[in-house]
Engineer: 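Provided herewith is a single structure, encoded as structure tokens, for subsequent inquiry.
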2 protein chains.
Amino acid sequence: MDRVDSSLIALRRIIRATELYARDLKQIAGITAVQFRVLQIVGEKGHTTAKEISTRMHVSQATVTSLVDKLVREGMVTREKSQTDRRQTDILMTEKGQATLDEAPDPLQQRFVRKFAAMEDWEQSMLLAGLERVALMLDADDLDAAPVLDTGELKNGAHH
Amino acid sequence: MDRVDSSLIALRRIIRATELYARDLKQIAGITAVQFRVLQIVGEKGHTTAKEISTRMHVSQATVTSLVDKLVREGMVTREKSQTDRRQTDILMTEKGQATLDEAPDPLQQRFVRKFAAMEDWEQSMLLAGLERVALMLDADDLDAAPVLDTGELKNGAHH
DNA sequence: GTTGTTTCCTTTGATGTGCAAAGTATCGTC
DNA sequence: GACGATACTTTGCACATCAAAGGAAACAAC
């Protein structure tokens, strides 16, 4: 097997890892990866707007509405009209939502961050260069850069 | 921004590239990425069974049935009872299916393969090592290794 | 060759994700 | 105050996916 094949296998494994994590999450925490990501965004400040979720997750507002509907139905968050701008809806974290967030299995990016941190300085540089190279090769350059993996974003002291 | 963040951004860009490719494909070729992948598997030998598709794509047979249903409805493939084992259904490529396969936009992996091939020998080695390292970091090691990207598998002389 | 088990596939019914288009309410601005 | 932009919801749809149940054929064992 040549290196092209091996590289593609490795890439596929990486993508697959995010899918597997999504299934585990659903099984263990009883919440889907997408819903969990919404919960993470809400959790950052304890509240947020539909617009922000839509922007950050790159999905339509209609999708956000249905996502939040589900979370409301399950008691994870509540809706409340914003006082400052009454067009906006504030989405507030509930205790149950916070608990779900706290008890969720180790997110992918934390796993990554831990292992990355354990690497030698030169190794980190090499790895970063390689990943950026691949990203460029795939022409995935229209993304507004946010430090995220498939599920969840890198905030809340997940590193350092 | 530190290297952990940059690495995660690069990873996210890579994953995002596969999603974007899926949307382009649907727009341009009028077929979804998942259905296209089925078509690719059928196209390898001109025919295949539902079981093989199910195994290769890691989805249930029920899913395969509905996927093939759609392709049949669109005239991309036909079903035919296998003569050797009448439990099996042979899924055969039609001319239209073949045409769709041939005319599909440059798949991600071909883009990758071309650029990878253009790299220096030592660069290829470094990149491969990096990718495998990341795959390991994400613990995506339960995958039966097949040289695939998100959509489609690496066959049909897509490389070399 | 009948019986039991396994395999392959489909059907049915459900969930989750996602969007477009149309509608409602509110904000800002001229 | 009228008009256009913004934020969100509603409606109606498509796709991907599975679990469970069932039919049909193959296989194995007696």
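Below, read A as the first sequence line, B as the second, and so on, with proteins coming before strands; counting in each chain starts at 1. Computed from a predicted model, the values in this text were never measured in an experiment.
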Engineer: Starting from P on C:dG16, measure out to CD on A:Glu74 and report it in whole angstrom.
Structural biologist: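 Checked: the CD to P distance equals 7 Å.
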Engineer: Check every atom of C:dC27, C:dC9, C:dG16 against the side chain of A:Lys70 and return the nucleotide holding the closest atom.
Structural biologist: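 Within the option list, the nearest is C:dG16.
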Engineer: Starting at CE of A:Met57 and ending at P of C:dC19, how long is that distance when rounded to a whole Å?
Structural biologist: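 Taking CE of A:Met57 and P of C:dC19, I get 10 Å after rounding.
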Engineer: If I take atom CG in residue B:Asp85 and atom C1' in nucleotide C:dT6, what distance separates them, rounded to the nearest angstrom?
Structural biologist: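 Rounded to the whole Å, the gap is 12 Å.
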Engineer: Is A:Met126 isolated, or which residues cluster with it under the ILVMFWY side-chain rule of less than 4.5 Å, directly or via members?
Structural biologist: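 In the cluster with A:Met126 are A:Trp122, B:Trp122, B:Met126.
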Engineer: Might you work through the side-chain contact (heavy atoms from CB on, under 4.5 Å) test for B:Val77 and B:His47, ending with a clear yes or no?
Structural biologist: CA-CA 9 Å; B:Val77 300; B:His47 66 97; over 6 Å; no
Engineer: Main chain of A:Gly75, side chain of A:Thr94: is a donor-acceptor contact present, judged purely on distance under 3.5 Å?
Structural biologist: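 Yes, A:Thr94 side chain to A:Gly75 backbone: donor-acceptor pair under 3.5 Å.
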Engineer: Would you say a side-chain N or O of A:Arg87 is under 4.0 Å from OP1 or OP2 of C:dT26?
Structural biologist: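 It does not, given that no N or O in the side chain of A:Arg87 lies less than 4.0 Å from OP1 or OP2 of C:dT26.
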Engineer: Which sits closer to the 5' end of DNA chain C, A:Arg73 or B:Lys51, going by the nucleotide each is nearest to?
Structural biologist: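 Checking each residue's closest nucleotide, the 5'-ward one belongs to B:Lys51.
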Engineer: From CD of A:Glu80 over to C1' of D:dA7, roughly how many Å is that when rounded to an integer?
Structural biologist: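 Atom-to-atom, A:Glu80 to D:dA7, this comes out as 17 Å.
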Engineer: Looking at CG of A:Leu131 and CG of B:Leu131, how far apart are the two atoms once the value is rounded to the nearest 0.5 Å?
Structural biologist: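 One finds 6.5 Å between CG of A:Leu131 and CG of B:Leu131.
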Engineer: Can you check the A:Asp69 CG to D:dT9 P distance for me, whole Å?
Structural biologist: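 About 7 Å, once rounded to whole Å.
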Engineer: Can you measure A:Leu71 atom CG to C:dG16 atom P for me and round it to whole angstrom units?
Structural biologist: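 The answer, rounded to whole Å, is 11 Å.
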Engineer: Expressed in angstrom and rounded to an integer, what is the separation of B:Arg86 atom CZ from C:dT10 atom C1'?
Structural biologist: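 B:Arg86 atom CZ is separated from C:dT10 atom C1' by 16 Å.
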Engineer: For the side chain of B:Arg79, starting at C-beta, report the closest nucleotide among C:dG16, C:dT10, D:dC8.
Structural biologist: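 It is C:dT10.
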Engineer: Base contacts versus sugar-phosphate-only contacts with protein, heavy atoms under 4.0 Å: please encode nucleotides 18-23 of chain D as B, S and - from 5' to 3'.
Structural biologist: BB----
Engineer: What's the verdict on side-chain contact (heavy atoms from CB on, under 4.5 Å) for A:Glu52 and A:Val64, showing C-alpha distance, side-chain angles and the deciding distance?
Structural biologist: CA-CA 10 Å; A:Glu52 173 157 9; A:Val64 173; over 6 Å; no
Engineer: Whole Å only: how far is the CZ atom of A:Phe36 from the P atom of C:dG16?
Structural biologist: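 For the pair A:Phe36 CZ and C:dG16 P, the rounded distance is 17 Å.
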Engineer: When all nucleic acid strands are considered with a 4.0 Å heavy-atom cut-off, which category describes B:Ser54: base, sugar-phosphate, or nothing?
Structural biologist: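 It contacts nothing in the nucleic acid.
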Engineer: Compare the minimum distances between each of C:dT26, D:dT17, C:dC9 and the side chain of B:Val34, then state the nucleotide with the smallest one.
Structural biologist: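 Of the candidates, D:dT17 comes closest.
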Engineer: For residues B:Leu136 and A:Leu128: do they belong to one hydrophobic cluster (side chain heavy atoms under 4.5 Å, members Ile, Leu, Val, Met, Phe, Trp, Tyr)?
Structural biologist: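 Different hydrophobic clusters.
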Engineer: Closer than 4.0 Å, any side-chain N/O of A:Gln35 to the OP1 or OP2 of C:dT17?
Structural biologist: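 For C:dT17, OP1 or OP2 has a side-chain N or O of A:Gln35 closer than 4.0 Å.
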Engineer: Need to verify one output field. Residue with the more 5' nearest nucleotide on DNA chain C, A:Thr84 or A:Leu67?
Structural biologist: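 That would be A:Leu67.
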Engineer: Given B:Lys51, which partner from the list B:Arg87, B:Gln61, B:Gln88, B:Arg56 fulfils the side-chain contact (heavy atoms from CB on, under 4.5 Å) test?
Structural biologist: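 Among the candidates, only B:Gln61 passes.
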Engineer: Answer yes or no: does a side-chain N or O of B:Thr65 lie under 4.0 Å from OP1 or OP2 of C:dT11?
Structural biologist: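 For B:Thr65, the contact criterion (side-chain N or O under 4.0 Å from OP1 or OP2 of C:dT11) is not met.
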